Structure formats: C-alpha cells, structure tokens
2 protein chains.
Amino acid sequence: MSKETITGLAKRLGISKASVSYALNGQPGVSELTRRRVLDLAEELDWYPSSSARALSRSRAGAVGMVLSADPLLIGTEPHYMAMLAGIETALAEGDMALMLRMVDKGPVQEQSTYERWAGERKVDGVLIFDHLHDDPRPTLLDRLGLPFVLHSAPASAAPASYSGTTTDHAVDAATIVDHLHDRGHRRIAHVSGPHRFVHEEERIRGVRERAARHGLEVVQVETDYALTSGHDAVVTLLRAPEAPVTAMVFGNDLMAMGGLLALRELGLRCPDDVAMVSWDDSLHCRLASPAVTALSRNPGMQGRVAAELLLALLDTGTIQTKPMPHGELVLRSSTATG
Amino acid sequence: MSKETITGLAKRLGISKASVSYALNGQPGVSELTRRRVLDLAEELDWYPSSSARALSRSRAGAVGMVLSADPLLIGTEPHYMAMLAGIETALAEGDMALMLRMVDKGPVQEQSTYERWAGERKVDGVLIFDHLHDDPRPTLLDRLGLPFVLHSAPASAAPASYSGTTTDHAVDAATIVDHLHDRGHRRIAHVSGPHRFVHEEERIRGVRERAARHGLEVVQVETDYALTSGHDAVVTLLRAPEAPVTAMVFGNDLMAMGGLLALRELGLRCPDDVAMVSWDDSLHCRLASPAVTALSRNPGMQGRVAAELLLALLDTGTIQTKPMPHGELVLRSSTATG
DNA sequence: CCTGACTGCTGAACCGGTTCAGCATCCCCT
DNA sequence: AGGGGATGCTGAACCGGTTCAGCAGTCAGG
C-alpha cells in the first residue's frame, strides 16, 4: 500500500518537492544526477503521482470521454462499435490518456447532458463524437462548453473546416457498390438505409442514386433504423410491392442485411438467385451468413485509432485537422455471385 | 464557459466556501434556506464541482476501472463483452461512477501493470475482474495494492468468501446441456472447451464428464482458445479421428460453434443430421447461423449489472458478498433438432 | 438568571501535486 | 578582478474542493 507522496520522496532524498516534480516530468531545472536519484527511488517504491492532484494543478483530466448513444441491444450486437472502440483505446493508451465510457439509451438529451456534466466537472479533456446529424447540436454545444472534440467519420461533403475530424467519402463507396451490382447485371435495386437524420445516410443515398442514374439503374429507397427486424421487414415490404421486384438490395449495416436474409428465407426465395445482397458494413456476421454476404470493408479499428490520434493532437497542440479515411473495399462473397 | 468555482459561488451569495460545500453535498450544517439558495445558483450557472478537486480532497476518484485483456480481434467479434459492458455501465451510471476502460492485448502482464498504475495514481476506486484463472495472481495483487475489486462470474466451486463476486454454477449448466443431448439420443459427444487455465472451463469439463457418466455417455474433450478457427480445426480433427465419430459437439463459446459449422460444411456433413451442436454462450451468431445453433442463454447484460452493483456496494459500505447467478437456459434451435 | 445543548456559520488547514520568482554557485570572458 | 549568464535548487503560492475546530446566537430547562 503506497501511501507515499511527493513530499515523502522529497524528504527521503533531502531535496524539495519542486525538484522531485521537475525530475519526474522531464523538465529542466535539475541535474542529471538528481533526476536519476528521483526516478530510481520512485521505481523502487513503485510510486506514481496521484492523478487527481495532478489533474487539479495542471487543470487537465488525463482522460477523454465517449458516449455511446444507442439502444443497448444494438450496441451489444454491432461488432462495429467494439472494433472502433478497440482502435480508439489503443491510440489513447499510447498517448497516456484514459478512456471514459458512457452508454445512454434515452437518446440525444442524455448524451448532451453528459457532455455538460463532463465539461462542468472538468472530468475529461475532450470527447469523441460520431454519427453526424443534420443540424447536429453537439458541435455548437461542445464549443459553448469549451470542450475540445473530434467528429469521427463525418461525410466528406459535410466536412467543416472549423473542427477536427475524420471524413468518409460515401459517394465513392456508393459507386463501388452500385458498379458491382451493375456488373452483375442488376437493373433494379433497393437501398435499405439507416435514418435520414444521419448525414452519412443522406450522402450514401445521393451517392447511390447518382451512380445508379449513370448506369440507367432504377433505385428504390427505404428508410429504416439499423435494427435486424427492420431489415427483415423492409425486405418483406419490398418483395410484396406491386411494381416489378428488385433483383438486388443494399443494406445500411450488417444487421439489416442479416434480417434481410432471414426474410428471404421465410419467403422461400434464394440469395443470390432471386435477390442479391450487399451490406455497407463488413463484419463476422457477413462472413458467417449463408450465403456469405458481400460487404464493404471499412476497417473501423484503424479509423477509430486515427480519430483518437486527432483528438490527442488537438489536446496537445491545438491542431485542427481533417483526415479523409480510405475508401471501403468491397469483399465479394456468395450473396452477389452470379450463377 | 463556466470558469466558476466554489469560491465564486460563495462570494456571490455572501457566505463561506464551507457552507456552499455543505449545501451541495446534502450535509447538515446549513439552514434549508441557504441550501436552496446555493442549489438554485448552481443550477442557474450550470456549475458542477470540479471532479479532480473533489477527488483530491475526498481521496476518491469517482471511477472504477476495467481491463479487457484479450486479442482485439476476439473482443471485437464477441458480442458477449459488449453486452456485459452495457450492463456494467448502466449500473455504474446509476451509482454516479464513471467507467474507465483499458484494452490490452499482451496478456496478463499488461493487465497487472495497469492495476499497479491505477492504484498508484489513485485513478480508480476499484476494479472489476473476470475470467478467473487457476492460481489467479490478480486477487493477491489487488489486495496488496489496496484496490477493491469484484470478481465477476467465478465458478461456484471456486468461490472464495474473502472477496466480493458473482458466481456461476457451471455444473448445473453442464447438466442442462448434457441432458438435452442425451434426450436427443446422442451417446458419444465432444466438448470443445476454452483454455484450461480458466477455472470455469475446468468446472465445465468436470460437469460435462460427470453428467455424461451418469447417462453412460462417452465424452471426448478438446482444449482450444475460443477463436473461430480453433472451433473449425477442432471439428476437423475430431471427425478425422480413427475412433467412432461423435454425434454431437458442445462448444465453449459461440465463435467456436460458428467455426465448427463452417468445418462441417467444408467436410460435406450436415448439422444436425450428421453432427448436432450446442454453444455454451448464446448470441446473435447462434440465432442467425444456418442451422441456428442451440445455445445456453446466460444474459451477460444482467450479470454485468449485478457485478457492478456489488462493486458499488463494496466501495460504499465495504460489504463483501457473493451472489450466485441464475442458471443458463438452453435455447433450443435447429442444430440439435431431431429429424 | 445561569447552564448547556443545539443551530448555522466561518476561517483555516488539508489533499498532493505544479510552477513561478528568487537565490546561491560556478564558470567564462574581457 | 569583476560583470554576465547558466545551472541547480528552494520556498511559497496555487489548483478547487472538503472538513474540522471554534464561535456567536437562540432556546429550553432547572
């Protein structure tokens, strides 16, 4: 039980607190000999400076926060989040920052009051936000609170220069997907997207529509909410429609694609023979499904890592930068194979 | 930007810091009138006391830590972790505690040095540990460090009374699974377990063996490491064995069960006709697989929540308690259906 | 009328670090 | 020999809360 403090160390060594502090932090003002003596003693006692005392005097918490604002069920089943989190944590650990995690289910209000609280208590030095919304209230709020932030994975078209973030060009990804379906001979496709309030969904929708137009493809758009059952229901509705049926479907995430597969099976239809499928997120689900589902692989772990690094840079040096993420790569699987 | 401090509040109200502090914390020593005035002003300015100053003077961090010690790939694909995390976070939020998360991949050494650091810096008030090992060094270490902890999901047989934790009776779960396979007419089964260094795996293995013996079943044990490919490889090995083949397999987690299904498909065998399968963890993977896999549902979210509540109680009142978790329920699916 | 308990409040110490201004030394240069 | 600039160190203030001892004022009981 190390009840040791900096004063204790100083006494043992017969020097002042100040010198110990300088020595520990690699600051000038102490001789190399003294520095060594301090570091050695600290190691020997395995003593670490109290994080709260440090936070208080430096006015820096040494932690960044992240709010996962979603249905716990969705969070639990979406491998995407965990992969992203793992990337983020790795980068933060290297920058010697702790990750403070909060999960809220009652939507944006809870998320925002979490930020207010964190800012007021100075509990985190910055936050990472994602899933950019139309008229997103968060950047304004965070600016007002003076809480630095990085906006992760904002659509390229909506990328604002006034704050740090990673951007994704969904138009390119849309083109990749649509081109593939066109190659495979599809002429009428459905796009089952997530909620339109997400800016990235809008960009995807526009991307799909424009690229499809170029090829002379018809597109049916359906808005849903990323849940497994929504994917299922969307497919049922699509296939019951009076118009000519689509021959391929693009899903906004892997869960909906899985729901779609279930629906197809129920309806006695086969994939890809009757309907081909593509998921906008790749995950183990897509690999394991039968048929395995063609999906856009976007490496959420690496992306999370980059976002975290941007945040560290912002906190360290105040550098505001925007980093475009690499385009997704379409992993071809059976769900879009041609007979 | 609230640069307000407790001194500021005190000045505005013309009273002392001490009174403001008492008022805020619901402590006696101030009149109801004064308390109201303080609380109202705090609300109006939306001011919150600095967490680091508070942590320093109370010597309490207001956060608990958790180290996820596993291959990032495994973490990202195991829905189990996320569900548990969601439950834990919910309980902590209610107890007004923050969750500090760290992910390490280089195994136990990193995990232990994280605890040393956290304890030294007094960055967390307690930690949650899980995946109890044989001769687990962590309880001893944490005791030495004076860091309170809760051991989540320790096997009932190994439950020590000296510290708080949740326990799981794997023998009962093993019986549930074995009974089911016996009912379905299997006489020779395989048990593909996780690493034996986990105490719960040992308890499961013993549980399966004993129950099987009672029914006169033969059991083939295989030790692996929870990875998808390990499940796959185990199945290939099992089915190539010269002895009589098993007709049912029990997998230590959902990923291995998925790997097993893949292997079966490759070998041109059918589930459940040629080999039946059961997973010890339920998850979306089991539901979505084809055939859907019979699995033991254990509600990791609820269990995480209970563990977090134990930790809160321990920190609050020092209460050491052991809570047994409900037995798992076998969700019957096609992978063990009879013709 | 005096005592003692209780209420409401305050000044000051304290938590454990960081950081600034200031003070010796010592060395180099002219 | 003396001025100027590093170098190495220290005392004290400060970060923003909590908490303790103490001090008036009030009020009930003997």
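In what follows, every chain begins at residue 1, and chains take the letters A, B, ... in the order their sequences are listed. Nothing here was measured: the structure is a model prediction, and the numbers come from that model.
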**Prompt:** Within the structure shown, what part of the strands sits under 4.0 Å from B:Ser21 by heavy-atom distance: base, sugar-phosphate, or nothing?
**Reply:** base
**Asked** NA contact type, B:Ser52, heavy-atom cut-off 4.0 Å: base, sugar-phosphate, or nothing?
**Response** nothing
**Item:** Separation of C:dG17 P from B:Lys123 NZ (nearest whole Å)
**Value:** 13 Å
**Prompt:** Between C:dT7 and B:Ser31, is there an OP1 or OP2 to side-chain N/O distance shorter than 4.0 Å?
**Reply:** no
**Message:** Quick check on C:dT10: is either OP1 or OP2 less than 4.0 Å from any side-chain nitrogen or oxygen of B:Ser16?
**Reply:** yes
**Prompt:** Once you round it to whole Å, what is the distance between C1' of D:dG16 and CZ of A:Arg58?
**Reply:** 17 Å
**Request:** Verify the contact: side-chain N or O of A:Gln27 to OP1 or OP2 of C:dT19, cut-off strictly under 4.0 Å; return yes or no.
**Result:** yes
**Prompt:** To the side chain of B:Val30, which of D:dG17, C:dC9, C:dG11 is closest?
**Reply:** C:dC9
**Item:** Rounded distance in Å - CD (B:Glu4) to P (D:dG16)
**Value:** 10 Å
**Message:** What is the distance, to the nearest angstrom, from the OH atom on A:Tyr22 to the P atom on D:dT10?
**Reply:** 11 Å
**Separation of D:dG17 C1' from B:Asn25 CG (nearest whole Å)** = 9 Å
**Request:** Give a yes or no on whether a salt bridge exists between B:Asp96 and A:Arg117, defined as a side-chain N under 4.0 angstrom from a carboxylate O.
**Result:** yes
**Whole-Å gap separating P (D:dG11) and CD1 (A:Ile15)** = 11 Å
**Complete:** Comparing B:Gly29 with B:Ala53, nearest DNA chain C nucleotide closer to 5' gives the residue B:Gly29
**Prompt:** When you check the phosphate oxygens OP1 and OP2 of D:dT10, does a side-chain N or O of A:Ser19 lie under 4.0 Å from one of them?
**Reply:** yes
Run the side-chain donor-acceptor check on residues 301-311 of chain A: report pairs under 3.5 Å with partners two or more places apart or on a different chain.
{"residue": "A:Gln303", "atom": "NE2", "partner": "A:Arg298", "partner atom": "O", "Å": "2.9"}
{"residue": "A:Arg305", "atom": "NH1", "partner": "A:Glu309", "partner atom": "OE2", "Å": "2.8"}
{"residue": "A:Arg305", "atom": "NH2", "partner": "A:Glu94", "partner atom": "OE2", "Å": "3.0"}

**Item:** Salt-bridge criterion met for A:Arg54 and B:Glu121 (N-O under 4.0 Å)
**Value:** no
**Fill in**
For A:Thr322 and A:Tyr163, the nearest pair of non-hydrogen atoms, with its separation, is OG1-O, 4.1 Å
**Prompt:** Any side-chain N or O of A:Arg54 less than 4.0 Å from the OP1 or OP2 oxygen of C:dG16?
**Reply:** no
**Message:** How many whole angstroms separate atom NZ of A:Lys17 from atom C1' of C:dT19?
**Reply:** 11 Å
**Request:** Could you tell me how the ring of A:Phe130 sits relative to the ring of A:His152: parallel (under 30°), tilted (30 to 60°) or perpendicular (over 60°)?
**Result:** perpendicular
**Message:** Rounding to an integer number of Å, can you tell me how far A:Glu32 CD sits from D:dC9 C1'?
**Reply:** 15 Å
**Sugar-phosphate, base or nothing in reach of B:Ser50, heavy atoms under 4.0 Å** = sugar-phosphate
**Distance below 4.0 Å between B:Trp47 side-chain N/O and D:dG16 OP1 or OP2** = no
